[in-house]
Structure formats: C-alpha cells, structure tokens
Novice: 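Next up is a structure, given as structure tokens.
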Amino acid sequence: MNPRTDEPLIVQEVAPRDGLQIEPTWVETRDKVALIDRLSKAGFSRIEAGSFVSPKAIPALRDGEAVFRQITRRPGVIYVALVPNLKGAERALAACADELNLVMSASETHNRANMRMSCSASRDGFADIVRCVAGSRVGLNATVATAFGCPFEGPIDENRVIGIVAAYQEMGIPNVTLADTTGMANPRQVARLVSRVLERLSADSLTLHFHNTRGLGLANVLAAYDAGARRFDAALGGLGGCPFAPGASGNICTEDLINLCDEMGIPTGIDLQQLIALSRELPELLGHDVPGQVAKAGRNCDLHPVPEYIGSL
Ligand code: COA
Ligand code: ZN
C-alpha cells in the first residue's frame with residue numbers, strides 16, 4: 001500500500017445516526033445535542049446528526065426534529081439527515097437539515113427487511129424527493145447499502161451496484177455512498193469497485209461507509225484511499241449497525257481512523273485528543289463498553305513512565 005499522503009481524507013461522523021440507531025438504551029435529546037455540538041468542535045466538516053424514519057422502525061432516533069432544532073450549527077459544518085422516503089425528506093427539510101442521505105440497498109431482500117419496500121418502490125420515492133428539493137439549497141446524497149455483500153443474499157454483483165449509481169445520477173442525485181452494511185467487503189473488492197465508480201463520479205462525490213464487523217474496516221479504507229476515494233463515514237467509539245441486518249456491528253471507529261491518518265501523515269483536520277476524550281465518555285452514556293481501540297490504548301505519543309526497576313539494572 002502506498003497512499004499519497006498529501007491529499008486530505010474527509011471524515012463524516014455518523015455516530016449520532018448509525019451509532020445510536022441500534023442502541024437499546026434511550027439517549028436523551030440533550031445528550032445527543034451535546035454529543036453533536038462537541039463533534040462539531042472537534043473539526044468535522046460533515047456530521048450525520050440523525051434520521052427521519054419511522055419511529056416504530058428506529059425508536060432510538062424518534063427525536064430527530066428536536067435534535068436538529070437544538071444543535072448549535074457551526075459554520076462550515078454540514079448536518080446530514082438520513083431519510084427513507086418522501087415523508088422523511090419533508091420532516092428533514094422542516095428541521096433544516098443541510099443534506100439528505102437517501103438509502104436503498106443493492107440487495108432486494110435487505111431493502112425489504114430494512115425499508116419494508118422493493119428497490120423499485122425506494123427509487124420511485126427518491127424521484128419524489130428529488131422533485132421536492134429541486135430549487136432548494138439542500139444537498140442530496142444516496143446510499144447503496146449492502147453494496148459489498150448482503151447477509152441474506154451473499155455476494156452482490158458489482159454491475160448491479162454500478163447500475164444503481166448510474167440510476168441515482170440519472171435521477172439528479174449528485175453524491176453517492178457505497179455502504180458495507182455488515183462488513184463483508186475486502187480490500188481488493190473495494191479497490192475494484194471504487195475504481196469503477198470513480199469513472200462515473202468525482203472523488204468529492206463518493207463516500208465509503210465501512211463496518212468493522214469482520215475486522216477489515218481500516219484495511220478497506222486504505223484500499224479505497226489508494227484507489228482514489230477521499231470521503232469516509234466513521235462513528236465515534238466504533239458504534240453502529242443496522243437493526244435490520246442480522247449480525248450487524250459497529251462502523252469503523254472514528255478515533256482509530258484519525259489515529260491511522262495522523263500516523264501515516266494523511267491530513268483530516270480532526271483533533272484526535274478531543275475525540276478520545278469524547279469516546280471515553282461513551283460507556284457511561286450507553287451503559288456498555290465500545291469497540292474502538294485507540295481510546296483504550298491512547299495515542300502512540302502518550303508515553304508511560306519508565307518502571308523504576310530499570311534504573312537498578
Ligand atoms: N417518518 C415518520 N413516520 C413515517 C415515515 C417517516 N419517514 N414514513 C412512514 N411513516 C409512518 C407512516 O406515517 C405510518 O404511520 P401510522 O402507522 O401512524 O399511519 C407508518 O409509518 C407506516 O407507514 P408506511 O409507509 O406503511 O411505512 P412502512 O411500515 O412500510 O415502513 C419505512 C417504511 C421506510 C417508513 C420504514 O421501514 C423505515 O422507517 N425504515 C427505516 C429503517 C432504518 O432507519 N434503518 C437503518 C438506517 S439504513
Ligand atoms: Zn452503517
């Protein structure tokens with residue numbers, strides 16, 4: 001691997017959405033707002049701050065309106081909302097989200113499990129959303145979930161993913177995320193698919209969304225970066241997962257990713273110390289340990305006192 005280290009890597013923080021959507025413990029609105037506000041201060045340019053989905057599907061995020069109303073909008077930060085349908089888009093627009101992230105799976109089965117509709121019904125809904133936001137300043141991104149594999153259907157044909165990206169473009173959706181919903185991607189597959197998608201889209205318009213379900217998350221980031229991708233989702237503490245994908249587990253961990261970038265000299269603009277401090281508060285907020293490793297180990301430069309017995313040797 002020999003990524004060019006001069007080009008910045010942009011991290012979109014998704015803990016407030018992907019991270020919290022699967023948590024069984026209710027996180028109070030004020031705690032969500034405090035988390036987002038502190039993430040804004042840590043240097044992120046993009047934060048997925050919540051979703052506007054059915055409150056029956058994802059009760060943990062049912063306070064999306066209140067969260068978007070109460071956060072402090074830091075200039076230069078784009079606050080993104082995930083939406084599944086027109087109703088979600090209308091709620092997100094009313095809550096002044098800066099960008100909508102529309103989600104459909106490459107796998108028909110996962111789309112039915114997650115969105116309770118066919119892929120074709122999802123696409124029809126997206127066309128309605130594009131019409132609804134036309135002329136406004138709100139940004140549009142569409143995610144291809146299960147782009148690297150599906151927990152029900154197994155491997156996903158790369159041509160199918162490319163076809164969905166093309167369909168999004170034809171609909172007038174400029175930005176695309178390829179999501180590895182249950183951590184089935186491997187670095188060679190990632191490099192191949194990213195290269196193919198970058199023939200259609202600029203690196204500014206492509207985001208990679210990896211889960212670390214099988215321990216390959218950061219290897220996949222480097223493979224994607226090497227292939228020209230520059231934007232990545234990650235969640236503080238390595239939280240996250242889709243409640244409608246069996247075996248789902250956390251996103252790649254933001255502070256582990258920033259540590260990787262810092263150590264390799266890839267600029268991100270994000271303050272690792274602030275992230276570690278924030279991540280260390282997660283177990284108390286959520287009532288359980290979190291998967292991230294750097295918040296436990298500390299940074300390479302956080303050295304330990306030399307044991308006294310060494311002096312007498
Ligand atoms: N926000 C809030 N409520 C919504 C909604 C939205 N975006 N979309 C639909 N609803 C409500 C309807 O108003 C209706 O309410 P009612 O029962 O009080 O009349 C109810 O949900 C059912 O509506 P319907 O259109 O039949 O939805 P559904 O039950 O077929 O579910 C989705 C479809 C897309 C709304 C639901 O599957 C969903 O929210 N999925 C998202 C899952 C998710 O977030 N996964 C993780 C992120 S990828
Ligand atoms: Zn995810």
Side-chain angles (χ1 to χ4, degrees), residues 11-23 47-68 80-95 97 100-126 128-129 132 141-151 177-185 207-214 216-217 220-221 231-254 257 291:
V11 182
Q12 169 165 281
E13 174 58 51
V14 298
R17 195 281 297 172
D18 205 327
L20 297 185
Q21 71 184 10
I22 198 169
E23 287 297 327
I47 300 175
E48 198 163 84
S51 65
F52 293 92
V53 303
S54 158
K56 286 184 198 134
I58 306 281
L61 299 183
R62 63 181 182 269
D63 55 348
E65 277 86 357
V67 169
F68 271 82
V80 180
L82 181 146
V83 303
N85 56 12
L86 184 60
K87 177 162 185 170
E90 287 166 349
R91 289 176 60 205
L93 289 178
L100 309 184
N101 180 19
L102 287 40
V103 179
M104 184 190 83
S105 298
S107 149
E108 188 71 42
T109 315
H110 182 256
N111 205 60
R112 287 175 189 270
N114 191 32
M115 297 299 175
R116 297 186 181 273
M117 59 181 120
S118 65
C119 291
S120 125
S122 279
R123 273 196 300 267
D124 290 348
F126 292 179
D128 293 339
I129 294 171
C132 171
N141 184 88
T143 291
V144 188
T146 64
F148 299 92
C150 165
T177 297
L178 300 181
D180 184 24
T181 308
T182 57
M184 293 172 74
T207 300
L208 277 298
H209 176 106
F210 293 123
H211 282 259
N212 198 35
T213 316
R214 293 176 174 82
L216 298 185
N220 287 331
V221 169
R231 288 170 46 153
F232 295 87
D233 285 351
L236 190 75
L239 300 178
C242 173
F244 304 102
S249 64
N251 290 86
I252 55 166
C253 169
T254 312
L257 173 60

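Each ligand, and each atom within it, is numbered from 1 in the order the structure gives. Along the sequence shown, the residues carry numbers beginning at 1.
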Novice: Around atom 33 (C) of ligand 1, find the nearest protein heavy atom and jot down its residue, atom name and distance.
Specialist: Met115 O, 3.4 Å
Novice: To which protein heavy atom is atom 1 (N) of ligand 1 closest, and what is the distance rounded to 0.1 Å?
Specialist: Arg91 NH1, 2.8 Å
Novice: Please check if any side-chain donor atom of Thr177 sits under 3.5 Å from a side-chain acceptor atom of Asn141, or the reverse.
Specialist: yes
Novice: Just checking Arg214: does its CZ atom have more than 12 heavy atoms from other residues, nucleotides or ligands closer to it than 6.0 angstrom?
Specialist: yes
Novice: Look at atom 29 (O) of ligand 1 and say which protein heavy atom is nearest, naming residue and atom and giving the distance to 0.1 Å.
Specialist: Arg116 CD, 4.0 Å
Novice: Which residue pairs pass the side chain to side chain donor-acceptor pair (under 3.5 Å) test when at least one of the two sits in residues 59-68, sequence neighbours left out?
Specialist: Thr29-Asp63, Lys32-Asp63, Glu65-Arg91
Novice: Please write down residue, atom name and distance for the protein heavy atom closest to atom 5 (C) of ligand 1.
Specialist: Lys87 CD, 3.7 Å
Novice: With heavy atoms only and a cut-off of under 4.0 Å, state how Ser54 meets ligand 1: side chain, backbone, both or neither.
Specialist: both
Novice: Which of the atoms of ligand 1 are close to Lys56, meaning less than 4.0 Å from one of its heavy atoms?
Specialist: 17 (O)
Novice: Taking the side chain as everything from C-beta on, heavy atoms only, tell me whether Arg116 gets closer than 4.5 Å to Ser54.
Specialist: no
Novice: At a cut-off of 2.8 Å, list the protein N/O/S atoms near the Zn ion (ligand 2), residue plus atom name.
Specialist: Asp18 OD2, His209 NE2, His211 NE2
Novice: Can you tell me which portion of Arg17 lies within the under-4.0 Å heavy-atom range of ligand 1? Options are side chain, backbone, both, or neither.
Specialist: side chain
Novice: Just jot down the ligand 1 atoms closer than 4.0 angstrom to any heavy atom of Gly88, in number order.
Specialist: 7 (N)
Novice: Starting from atom 45 (N) of ligand 1, what is the nearest protein heavy atom, named by residue and atom, and what distance separates them?
Specialist: Asn114 OD1, 2.8 Å
Novice: Numbering the atoms of ligand 1 from 1, which are under 4.0 Å from a heavy atom of Pro55?
Specialist: 2 (C), 3 (N)
Novice: Taking 4.0 angstrom as the limit and counting only heavy atoms of Val53, give me the atoms of ligand 1 inside it, by number and element.
Specialist: 1 (N), 2 (C), 6 (C), 7 (N), 39 (O), 41 (C), 44 (O)
Novice: Counting only heavy atoms, which portion of Ile58 has something under 4.0 Å from ligand 1: side chain, backbone, both, or neither?
Specialist: side chain
Novice: Measure the distance from atom 8 (N) of ligand 1 to every protein heavy atom, then report the residue, atom name and distance (to 0.1 Å) of the closest one.
Specialist: Asn85 ND2, 2.8 Å
